[in-house]
Amino acid sequence: MDKFSFFSNILSFVSTFFENILKIATLLIPWYQENKRDLPWRATRNPYYIWLSEILLQQTRVAQGLPYYLKFVEHFPTIKKLADAREEDILNLWQGLGYYSRARNLHHTAQVIAYQYNGRFPSNYQDIRALKGIGDYTAAAIASFAFGLPHAVIDGNVNRVISRLFGIEKPINKPDGQAEIKIALEQIFDPSRPDIWNQAIMEFGALQCTPRNPNCTDCPLNTNCLAWSSKKVNIIPTKEGKTKVTQVYHSYLVMRLGSKTYIQKRETGIWKNLYQFPLIEKQMSDSEVINHFTEEFGIRKTIHLHSIREIEHILTHRKIFAKFYTISLNTGSEILKNNIFEIELDDLGKVFPTSVLTLKYLKQQK
DNA sequence: AAAACGGGGCG
DNA sequence: CGCCCAGTTTT
């Protein structure tokens, strides 16, 4: 390669690079300013509020997360108040939103920032990324929105917009596909205004370049979109692999003593630190369940079995077959056992953050 | 029933 | 890195 073609290659690479940025950014950002939703976390640069909103919105639609954001800001206006809160109060506010480990990580990280960082949110990408509950997406979001740092976010919206613009057909949920997305994204990311750019591409994915029935005929980017020009909009992006759904069996014992009942705090796994009726996580016959519980709690075997109700609950990778065995206890037969609490039935879901399956049972009782 | 949602942790 | 985890709503 002679000197001339070397420099002309560099020149054409550099000019193409800036053309792409100018082309996409100058189309995308005006679109955003015209069409953006008015969301409270977009009106602040306070890293606490931005972090809070990003955690609440992980795998969650804006419409669903918004009311929770307002509740959290009201109850915990500063990061120190969140750090000093009881985990149970945080879980109670979180109730119904799902992915409860987000709430536990939120609390933990609030304490780290309040007491290890002296209340000052870390302001560089590496330190932000190292916090519990913060992965690549959330670190880039906080770094750009709160601190104006040039880190591009990749969420479900960005994956969809980029794969369509560049005609990427490799599965976006595989390393190969993600690598192509990143390379493509670097070509159009505008590091001079990362906050607006990140907001713009996500909003564009959420409102214009939607999963189904995207508004392509009236799209400001359609002349730059390979999926559109090759009529592949409805097959891009692609995904591979299905999560296997395993069946699990739960047997709950609902002990009624007037308006009181007995609950336990779940200690591991899904719904950790949420409350539930005493549980056996194993497939058993009705008589085996009754035998097990009567032995564990020292109840007479002649107890009155009030009812057995079955509830199916479907999670992403689990199908739970739950049976609730409701019995009536006589006064004087209090259960004294570690981890078992006697409470007012009405306090479930209010005073005690309660697992969804337990709440589902109570709701069906009414 | 399946897809989608402003993903993350762990070995 | 590859693999596993995981809740609710919408289609």
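Proteins come first, then strands; the chains are lettered A, B, ... in the order of their sequence lines, and each starts at number 1.
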*Asks:* Return the orientation label for the A:F324 and A:Y252 ring planes: parallel under 30°, perpendicular over 60°, tilted otherwise.
*Replies:* parallel
*Asks:* Hydrogens and angles aside, do A:R102 and A:N105 bring a side-chain donor and acceptor to less than 3.5 Å of each other?
*Replies:*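 No, because no side-chain N or O of A:R102 sits under 3.5 Å from a partner of the opposite role on A:N105.
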*Asks:* When you check the phosphate oxygens OP1 and OP2 of B:dG6, does a side-chain N or O of A:Q58 lie under 4.0 Å from one of them?
*Replies:* no
*Asks:* Applying side chain to side chain contact (heavy atoms under 4.5 Å, CB included), can you list everything that pairs with A:S287, at least two apart in sequence or on another chain?
*Replies:*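 Side chain to side chain contact (heavy atoms under 4.5 Å, CB included) check on A:S287 returns A:S285.
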*Asks:* Any donor-acceptor pair, under 3.5 Å, between the side chain of A:Y137 and the base of B:dG7, if you only look at N and O atoms?
*Replies:* no
*Asks:* Does A:E54 reach a base, just sugar-phosphate, or nothing at all? Heavy atoms under 4.0 Å.
*Replies:* base
*Asks:* Can you list, by residue number, the residues of residues 152-166 of chain A that have a non-hydrogen atom closer than 4.0 angstrom to DNA chain B?
*Replies:* A:D155, A:G156, A:N157, A:R160
*Asks:* With a 4.0 Å heavy-atom cut-off, tell me which residues in residues 37-44 of chain A come close to DNA chain B, sorted by residue number.
*Replies:* A:L39, A:W41, A:R42
*Asks:* Report all interatomic pairs (protein N or O, nucleotide N or O of nucleotides 9-11 of chain B) with separations under 3.5 Å.
*Replies:*
residue: B:dG9; atom: OP1; partner: A:G133; partner atom: N; Å: 2.1

*Asks:* Could you pull out all residues at least two apart from A:P171 that satisfy side chain to side chain contact (heavy atoms under 4.5 Å, CB included)?
*Replies:* A:N173, A:K174, A:T238, A:E240
*Asks:* Taking only residues two or more places apart in sequence or in another chain, which ones pass side-chain hydrogen bond (donor to acceptor under 3.5 Å, both in side chains) with A:Y68?
*Replies:*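 A:Y68 satisfies side-chain hydrogen bond (donor to acceptor under 3.5 Å, both in side chains) with no other residue.
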*Asks:* Mind checking side chain to side chain contact (heavy atoms under 4.5 Å, CB included) for A:D127 and listing every partner two or more places apart, or none if nothing turns up?
*Replies:* A:Y117, A:P122, A:N124
*Asks:* Once each nucleotide of nucleotides 4-11 of chain C is scored for protein heavy atoms under 4.0 Å, what B/S/- sequence comes out, 5' to 3'?
*Replies:* -SBBBBSS
*Asks:* Quick one: side-chain hydrogen bond (donor to acceptor under 3.5 Å, both in side chains) partners of A:T223, sequence neighbours excluded?
*Replies:* none
*Asks:* Suppose you measure atom C1' in C:dA6 against the same atom in B:dA4; what distance do you get, rounded to whole Å?
*Replies:*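 So the two C1' atoms sit 14 Å from each other.
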*Asks:* Test of understanding: with side chain to side chain contact (heavy atoms under 4.5 Å, CB included), list the residues that count as partners of A:Q116, not counting sequence neighbours.
*Replies:* A:V112
*Asks:* Please list, chain by chain and in numerical order, all residues satisfying side-chain hydrogen bond (donor to acceptor under 3.5 Å, both in side chains) with A:S53, sequence neighbours excluded.
*Replies:* none
*Asks:* For A:R266, give me all partners under salt bridge (charged side-chain N to carboxylate O under 4.0 Å, His left out), at least two apart in sequence or on another chain.
*Replies:*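 Expected list: A:E281.
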